[in-house]
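A quick note: this is a predicted structure, and the numbers were derived from the prediction, not measured. The residues of the chain are indexed from 1 along the displayed sequence. The figures that follow rest on heavy atoms only: side chains count, while hydrogens, waters and symmetry mates do not.
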Amino acid sequence: MMRILVFLILISLYPVHTYAQNKILFVTSNQDFYGKTKIAAANHFEEIIVPYDIFVKAGYSVDFISPKGGAIPIGYINTSDSLQKKYLYDSFFMDKLEHTMKPASITSDSYSAIFYTGGGATMYGVPEDTSIQKIARAIYNKNGVIAAICHGTAGITNLKDENKKSLYAGRKITGYPDEFENKDAAYYKAFPFSIDKAIKDNKGDFLYSKKGGDGFYIVDGRFVTGQDPSSAAKVANEVIKILGKNDNPILKNDLKQVKEILMDYIEGTANGQPERLQKAFDPNFNLYTVEKDILRVRSGREYISNIKSGEKRNRIGKIISIDIENDAAIAKAEIMLPNFRHYTDYFLMLKYEGAWKIIHKTYTWHELPKKELQ
């Protein structure tokens, strides 16, 4: 059977954001049970992975914190959902949930948005954590975004400004409403407070859709809140819109240049264009990998010399993330060679003499399973 080789460059539907200030911080809970009951509580998996997937595809870096740090309970999992199944088997992602950071290890200046994920567990530990409140206030005061979904809105109820006044006073806020709770159930009776009432008591205007499950969300200033899981994607996209408006024009220009250099690497290798590789890489760059527990170092000149002009290769590449700080940057890309291997590339980049250059590439790979070879 004849195989048709297809060259395809996959680029996210959203622009890749690249500087450290545009990292996003996800807030989760360590709570295992509803109050003092033996009823299991959890962080809502869908409300984590849907916005996470959107942010990462848009080029943002995402970190996770919880009041105690470490592992968090997850629940409300639907293994028949392809996106949830993908992340359940993503060891890199699941490791993030296994090792959430403590608030004390966070530098608020590194983030342009804070996102409170949902699930019944978020009613506990997060709302009263003053360290997390301080981080959220610092992010907001530097033109950042505060977002929450479903029961995650409980986490923002106690947010105050420096004068101890509600940070969201007079703003429209939504979350999971009392009307949809089972008030006779033991889990609800164990709740420490009502989200609706807490928002109203702190001068916020709590609104919700009586229909439910219809993607209801609210944007009021730099507060973005969603009612339930159906609004997860919409909340994430609205956060991206706001952050896009806040972009620094100088950093946006650096972003453009870094993306172009990475595409010179991806397309230049795939299309047989060594001149583009010479443009992308510093003349003295090296490539590093580990093979059979041995460090392998390859010179950039050798790599480029193997790219023959006009000789196309069947490579599918995409930029995963970029992070820029002044004249330094790091980036991640994925390259797939159908019927052979899937590569993950990490780049160190510097800006000098008015241009960005890749000065270092580290990579790893895994063989494609036989089922993918068909």
Side-chain angles (χ1 to χ4, degrees), residues 17-31 43-44 47-49 51-56 58-74 92-119 121-149 151-162 164 167-168 222-225 235-236 239-240 242-243 246-248 251 320-326 328-330 332:
H17 292 258
T18 65
Y19 32 95
Q21 297 93 321
N22 271 7
K23 293 171 66 177
I24 297 174
L25 187 63
F26 274 37
V27 181
T28 59
S29 171
N30 304 104
Q31 187 76 13
N43 296 271
H44 200 294
E47 292 172 357
I48 293 174
I49 62 103
Y52 178 89
D53 186 69
I54 290 173
F55 289 139
V56 170
Y60 291 86
S61 297
V62 176
D63 290 332
F64 290 85
I65 62 168
S66 60
K68 298 177 183 178
I72 60 170
I74 58 172
F92 174 78
F93 172 77
M94 294 304 292
D95 185 70
K96 282 178 171 283
L97 300 188
E98 184 72 18
H99 300 93
T100 63
M101 294 184 290
K102 294 180 180 180
S105 65
I106 295 298
T107 301
S108 59
D109 288 348
S110 298
Y111 302 92
S112 60
I114 185 168
F115 185 93
Y116 291 79
T117 64
T122 60
M123 295 289 297
Y124 306 89
V126 176
E128 63 269 27
D129 192 298
T130 55
S131 295
I132 297 177
Q133 292 171 23
K134 184 178 179 180
I135 293 169
R137 181 170 62 247
I139 291 173
Y140 188 75
N141 286 345
K142 290 198 172 184
N143 211 32
V145 178
I146 295 177
I149 186 170
H151 288 90
T153 298
I156 73 171
T157 52
N158 296 320
L159 294 185
K160 310 284 185 182
D161 64 17
E162 292 75 6
K164 306 300 180 183
L167 203 60
Y168 53 85
R222 287 179 285 112
F223 277 88
V224 184
T225 50
V235 169
V239 171
I240 290 172
I242 295 174
L243 295 181
N246 294 342
D247 278 349
N248 182 309
L251 292 173
I320 301 300
S321 64
I322 308 171
D323 188 351
I324 295 177
E325 186 69 37
N326 296 324
I330 58 175
K332 177 182 178 181

| said: Assess the residue pair F93 and D53 against the criterion (side-chain contact (heavy atoms from CB on, under 4.5 Å)); give the C-alpha distance rounded to whole Å, side-chain angles, the decisive distance to 0.1 Å, and a yes or no. | reply: CA-CA 10 Å; F93 172 77; D53 186 69; over 6 Å; no
| query | How far apart are the C-alpha atoms of L243 and Y60, what are their side-chain angles, what is the distance that settles it, and do they pass the side-chain contact (heavy atoms from CB on, under 4.5 Å) test? | reply | CA-CA 11 Å; L243 295 181; Y60 291 86; 3.6 Å; yes
| task | May I have the step-by-step check of side-chain contact (heavy atoms from CB on, under 4.5 Å) for I24 and Y52, ending in yes or no? | result | CA-CA 9 Å; I24 297 174; Y52 178 89; over 6 Å; no
| Which is it for K96 and V62 under the side-chain contact (heavy atoms from CB on, under 4.5 Å) test, yes or no, and what are the steps along the way? | CA-CA 10 Å; K96 282 178 171 283; V62 176; 5.5 Å; no
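The shortest heavy-atom contact between A136 and I146 is O-CD1, 4.0 Å. Here the shortest heavy-atom pairing between Q31 and P73 reads O-CG, 3.1 Å. The two residues R137 and L167 make their nearest non-hydrogen contact at CA-CD2, 4.3 Å. Pairing each heavy atom of A58 with each of I240, the nearest pair is CB-CD1, 3.8 Å. The heavy-atom pair separating N30 from K68 by the smallest distance is OD1-N, 2.8 Å. M94 and I74 get closest at one heavy-atom pair: CE-CD1, 3.8 Å.
Atom OG1 of T117 sits about 12.5 Å away from atom NE2 of H151, to the nearest 0.5 Å. The OG1 atom of T100 lies 9.0 Å from the CG atom of N43; values are rounded to the nearest 0.5 Å. Note that OG1 of T130 is 10.5 Å distant from CG of N158, once rounded to the nearest 0.5 Å. Here the straight-line distance linking atom OG1 of T107 with atom CD1 of I135 works out to 9.0 Å at 0.5 Å rounding. The OG1 atom of T157 sits 9.0 Å away from atom CD of E128, with the distance rounded to the nearest 0.5 Å. With values rounded to the nearest 0.5 angstrom, I106 atom CD1 is found 8.5 Å from I139 atom CD1.
Results of the side chain to side chain contact (heavy atoms under 4.5 Å, CB included) test with Y116 over T153, I132, L25, T28 single out I132 as the only residue that passes.
The closest side-chain heavy-atom distance from F115 to V224 is not below 4.5 Å. Using a 4.5 Å heavy-atom cutoff, the side chains of D323 and K23 are in contact. Between S29 and I72 there is no side-chain heavy-atom pair separated by less than 4.5 Å. Annotation: side chain of S66 is not in contact with side chain of V27 (no heavy-atom distance under 4.5 Å).
The number of heavy atoms from other shown groups lying within 6.0 Å of NZ (K160) is above 12.
In terms of modelled atom types and a separation under 3.5 Å, the side chain of Q133 and the main chain of G155 share no donor-acceptor contact.
F26 and F64 have perpendicular rings, their planes meeting at more than 60° on a 0 to 90° scale where under 30° would count as parallel.
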